[in-house]
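Fair warning: this is a prediction, and the values are worked out from it, not measured in the lab. As a basis for the values below, the full set of heavy atoms in this structure was taken, side chains included, without hydrogen atoms, waters or symmetry mates.
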Amino acid sequence: MPRPLGELEDAVMTRVWKWNRPVTVREVLEDLQQERSIAYTTVMTVLDNLHQKGWVRREAEGRAYRYEAVSTRAAYAAALMNDAWSQSDNPAAALVAFFGMMSDEQRQALRDAVRIVQGPDSEREDRAAPREENPGSATDAGGR
């Protein structure tokens, strides 16, 4: 499972993910310099480290490289959540605690995600599935 990105790695990857295209060290540097004082070689080292860790792929362009994310930020977040959840000795309790921390908007996003994962067929199956009747009622198989 992935280790959480360091603060500077996250700042760099945030840009790579947001721009969603191959980027140069210079582009990342210029954007980062709007927030902090940082050297070209620092950004180059961070991108090289991210490449070595498998977060970005790179392609040579002249004497420089263009870097591109290997996966999405959503996939990264999902892997971190899965890793944290798998560390629990009581996964159900961990989920209940996690859901309790969510805002209403996050809970709605979770409901939407579950619907997507289940797919449209499962929703139709739920509505079409026969409901179990109360045993012994007038509508069960022997009481018609």
Side-chain angles (χ1 to χ4, degrees), residues 1-137 139-141:
M1 289 298 151
R3 269 189 30 236
L5 295 170
E7 188 266 330
L8 190 51
E9 289 174 326
D10 186 69
V12 169
M13 283 305 300
T14 294
R15 284 152 177 86
V16 174
W17 281 318
K18 182 174 78 173
W19 296 336
N20 196 28
R21 61 173 172 77
V23 300
T24 64
V25 171
R26 175 80 47 207
E27 290 172 310
V28 175
L29 170 72
E30 289 172 358
D31 200 61
L32 282 170
Q33 285 178 330
Q34 295 176 24
E35 304 173 354
R36 64 177 86 198
S37 176
I38 190 166
Y40 181 94
T41 53
T42 302
V43 177
M44 185 173 63
T45 299
V46 170
L47 279 163
D48 186 58
N49 290 342
L50 289 166
H51 176 256
Q52 297 300 320
K53 293 177 180 181
W55 287 106
V56 294
R57 66 173 72 76
R58 68 184 180 192
E59 202 169 307
E61 185 177 277
R63 293 177 36 204
Y65 288 106
R66 282 202 175 268
Y67 296 86
E68 185 174 19
V70 169
S71 66
T72 64
R73 184 168 199 105
Y76 166 67
L80 288 177
M81 288 187 286
N82 186 58
D83 190 38
W85 186 40
S86 69
Q87 300 294 320
S88 174
D89 60 347
N90 187 340
L95 281 175
V96 169
F98 180 60
F99 297 157
M101 295 176 195
M102 291 178 157
S103 68
D104 289 339
E105 293 81 17
Q106 290 169 321
R107 280 192 288 278
Q108 185 57 52
L110 176 64
R111 285 185 206 96
D112 294 343
V114 167
R115 275 190 221 104
I116 289 168
V117 170
Q118 290 176 336
D121 291 340
S122 67
E123 201 173 290
R124 282 194 292 267
E125 288 170 11
D126 288 347
R127 288 193 304 257
R131 303 288 179 213
E132 188 176 306
E133 299 293 336
N134 292 334
S137 73
T139 58
D140 72 359

Residues Arg66 and Pro22: closest non-hydrogen pair is NH1-O, 3.3 Å
Glu61 and Arg26 ion-paired at < 4.0 Å | no
Is there a donor-acceptor contact under 3.5 Å linking the side chains of Asp104 and Gln108?
-> no
Does the side chain to side chain contact (heavy atoms under 4.5 Å, CB included) test come out yes or no for Leu110 and Met102, once each step is laid out?
-> CA-CA 10 Å; Leu110 176 64; Met102 291 178 157; 4.2 Å; yes
Straight-line distance of Leu47 CG to Met13 CE, nearest 0.5 Å = 8.5 Å
With distance as the sole test, does Trp85 use its side chain to make a donor-acceptor pair with the main-chain N or O of Pro91 at under 3.5 Å?
-> yes
For Arg57 and Ala69, indicate whether the former's side chain and the latter's backbone hold a donor-acceptor pair under 3.5 Å.
-> yes
Determine, stepwise, if the pair Arg73 / Asp10 fulfils side chain to side chain contact (heavy atoms under 4.5 Å, CB included).
-> CA-CA 10 Å; Arg73 184 168 199 105; Asp10 186 69; 2.8 Å; yes
Any chance CH2 of Trp19 has more than 12 other-residue heavy atoms, nucleotides or ligands included, within less than 6.0 Å?
-> yes
Heavy-atom check, side chain of Trp55 versus side chain of Glu9, under 4.5 Å | no
Does the ring center of Trp17 lie less than 6.0 Å from the ring center of Tyr76?
-> yes
If we only count heavy atoms from C-beta on, is the Leu29 to Gln33 side-chain gap below 4.5 Å?
-> yes
Over all heavy atoms of both residues, which pair between Leu32 and Ala11 is shortest? Give the atoms and the distance, please.
-> CD2-CB, 3.9 Å
Would you call Leu50 and Tyr67 a side-chain contact if the rule is heavy atoms closer than 4.5 Å?
-> no
Grab the two heavy atoms, one from Gln106 and one from Met101, that are nearest each other, plus how far apart they are.
-> OE1-O, 4.2 Å
Hey, is the main chain of Ala84 close enough, under 3.5 Å, to the side chain of Gln87 for a donor-acceptor pair?
-> no
The side chain to side chain contact (heavy atoms under 4.5 Å, CB included) partner of Val28 among Ile38, Val46, Val12 is Val12
Closest non-hydrogen contact found for Asp31 with Arg15 is OD2-NE, 2.7 Å
Arg36 vs Leu8 side-chain heavy atoms within contact, under 4.5 Å = yes
Are Asp83 and Arg3 within salt-bridge range, i.e. N to O under 4.0 Å?
-> no
Cationic N near anionic O, under 4.0 Å, Glu27 to Arg21 = yes
